[in-house]
Structure formats: structure tokens, C-alpha cells
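To keep things clear, I will list the structure first and then write my remarks on it.
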Amino acid sequence: MRDSFVDAGDVTLFVRELGQRSEKPSLVVMHGGPDVGHGYLLPGFEPLARDHHVVLFDFRGCGRSSRGLSDDELQPEYVVRDTHRLIERLNLGQVDLLGFSTGGRAAIGFVDKHPEQVRRLVLASTSAYPSADNAPYLANWDEYHRRQRVENQAHGALRNSTLFVWDLDLAPAYLKLLNSLGTDLGDWSEERAIKGLTHPWFHGDPENILRTFNKPILILHGEYDMGFPVQLAHRLHTAVPSDLIVIPNTAHMSHFEKPELWSNHIRGFLA
């Protein structure tokens, strides 16, 4: 594991590299949120790093990357630009790219702008579609509503751990991981996003963007994802040439629930 700070022009990015560089392309990871940074993803990438070079970093306004930026500087297009500059600064050449949760939307924006920099794309626990498209699949899901009530009654103390992990025996361990990263949720404003002041993560039809990208795509999803219901993964797979792998008995954080299985699917796709 190697930690560094990389100058991306107007911001400094905190970067964590796992594994060793080799003739294989590096895997660059775009995390979700944007809030706590990349740390919650480590359980899924540590197994992969046994034979792959993995580059994780905190988005601007998150974790240990540049903080205290103005609202105008906290926009998705700058995350795409930062990622492009990071790949260049580290001399990674053409990379494989993985976007997790909201990071999947960022990854779609990246391959739209910089398709030449990406060999293969992994969309993990994410959706290409508007958040409103989640609602029909959650409306009559009794278990989702039961867990949401538990979260509400805890007044934020559970940090969505019972929603994002399907096996409730693992929820305390996931919550412990989140709490070990601190309570700092970053500088991005959820209120601004709700008001429509945050720009889109990509422009245009995501299905068309991915078809135009025209390189191998893996859609990797938990069977019981309550953040982005699995039906949205099937919808994208139907619309775009891609591989779809649904990991059984996992939710949004399938990388945490079944890290070896999750990482092995990525390893097989990148081979």
C-alpha cells in the first residue's frame, strides 16, 4: 500500500495504490457518495491487489483531497477532469476504470470525455438512470421499508448500514468500518443536489454513451441492492452490450459482504 498526494492542477488528490504495477493495465477506482472518500471500498480491492495494481483516490472535497472549495468548484465535470489528470500524472497509460455507486455515473462521464484512456469499464452497484427510476422498484418492497424505519428510528446513527448490507449480521462490522473513517462526510452539499444546483455526472443518453464507448463493460451488482435496485442493472445490460453479474444475497455493498467473490469477478473480467 502506497499513499501519496498528487497535484491535479487546481486541487491536490489523496491517492492510495494497492498492489504492484505490471504489464497489465492499472485499475483506477472512482468512489461513490461523494462523501467519505474511498476508504469504505478497500475490503473489495485488497484481494484484487494480490495480482493487480489498483489506484483509489478521494474526489475533490472528500477525505484527504483538497477541501474548503467553493460550491462552484464542487461539480462532476471537475471530478472527470481530476481523474484524467491523475492518470496522466501517474503515467498510467491506458487504464481499466471502475465506478462504484455514484462513481459509476462519474465513470460514464469519463468514458464519454476520454474513451481513449480506458480499456475496460466496470460499473459496480450503480445506475445509469435518474434517481427517480429507483422508486417503482422500492415502493412495494416490504423489507426495504422495514429497514428504512429502523434507520429512521436510529436518527442517522446506523449510517444506512442496514440498508446497504443485506446480511444483517454483517451490518455492525460495516458500520464499524464507516465509523473508523470518521464522521466527516465531505464538502459536497446534498441540499444543492436536491435543488438541482449540482451539474449532471454526464450529458446525454447514458446508453448511447456506453454503446459509443464500444469496449468491454462489466455490470456488477448486488441481488438486493436498495440504493440502486438490481432491475436497473438488468435494464442497462439489455440496452448496452455488456456482461452482467449479480452477486446473490448481497446489497449495495456487495464488495464488503463477499469481497473474494466480488474481486474474483473483476479479476476474471480484466483478464
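Each residue takes its place number in the sequence, starting with 1.
Within the structure, salt bridge (Lys or Arg N to Asp or Glu O under 4.0 Å) contacts touching residues 112-123 (residues at least two apart or in different chains) are D96-R119. Pairs engaging residues 119-143 under the ring pair (Phe, Tyr, Trp, His ring centres under 6.0 Å) rule: none recorded [sequence neighbours left out]. Evaluation of the ring pair (Phe, Tyr, Trp, His ring centres under 6.0 Å) test over residues 205-241, restricted to residues two or more places apart or in two chains, returns W166-Y224, F228-H252.
Residues that satisfy the salt bridge (charged side-chain N to carboxylate O under 4.0 Å, His left out) test with E260, not counting sequence neighbours, are R50. Taking the ring pair (Phe, Tyr, Trp, His ring centres under 6.0 Å) definition, one finds that W262 meets it with F45, H255, sequence neighbours left out. Residues meeting the salt bridge (charged side-chain N to carboxylate O under 4.0 Å, His left out) test with D133, sequence neighbours left out: R235. Listed by chain and residue number, R267 satisfy the salt bridge (charged side-chain N to carboxylate O under 4.0 Å, His left out) test with D51 (two or more places apart in sequence, or in another chain). Looking at residues two or more places apart in sequence or on another chain, you find a side-chain contact (heavy atoms from CB on, under 4.5 Å) between K195 and E191, L197. Looking at residues two or more places apart in sequence or on another chain, you find no side-chain contact (heavy atoms from CB on, under 4.5 Å) involving P172. Scanning for side-chain contact (heavy atoms from CB on, under 4.5 Å) contacts around N214 gives an empty result, with sequence neighbours left out. Every residue two or more places apart in sequence or in another chain that forms a salt bridge (charged side-chain N to carboxylate O under 4.0 Å, His left out) with R67 is listed here: D184, D187. The side-chain contact (heavy atoms from CB on, under 4.5 Å) search around A107 returns M30, L97, L121, L123, not counting sequence neighbours.
Side chain to side chain, S70 and E73 meet the donor-acceptor criterion of an N or O pair below 3.5 Å. A side-chain N or O of T162 and one of E151 form a donor-acceptor pair less than 3.5 Å apart. Side-chain contact annotation: H199 with E77, donor-acceptor N/O pair under 3.5 Å present.
The CG atom of D7 lies 5.5 Å from the CZ atom of R89; values are rounded to the nearest 0.5 Å. Distance check, rounded to the nearest 0.5 Å: OG of S161 to CE of M253 gives 10.5 Å. Considering OG of S65 and CG of D58, their distance stands at 4.5 Å, rounded to 0.5 Å. For the atom pair CG (D243) and CG (L220), the distance works out to 10.5 Å, reported to the nearest 0.5 Å. The CG atom of L178 lies 8.5 Å from the CZ atom of F256; values are rounded to the nearest 0.5 Å.
Aromatic ring pairs are classed by plane angle as parallel below 30°, tilted from 30° to 60° and perpendicular above 60°; the pair F5 and F14 is tilted.
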>> Let's go through Q117 and H84 carefully: what are the C-alpha distance in whole Å and the side-chain angles of both, what is the deciding distance for side-chain hydrogen bond (donor to acceptor under 3.5 Å, both in side chains) to 0.1 Å, and is it a yes or a no?
In response: CA-CA 8 Å; Q117 280 192 298; H84 169 68; 2.6 Å; yes

>> Under the criterion ring pair (Phe, Tyr, Trp, His ring centres under 6.0 Å), I'd like the reasoning laid out for H31 against F59: C-alpha separation, chi angles, the key distance, then a yes or no.
In response: CA-CA 8 Å; H31 67 75; F59 288 178; 4.0 Å; yes

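A salt bridge links R81 with D10: at least one charged nitrogen is closer than 4.0 Å to a carboxylate oxygen.
Not a single donor-acceptor pair under 3.5 Å links the side chain of R16 to the backbone N or O of M1. Judged by distance alone, the side chain of H114 and the main-chain N or O of T83 form no donor-acceptor pair under 3.5 Å.
When all heavy atoms of E207 and L236 are compared, the pair lying nearest together is CG-CD1, 4.2 Å.
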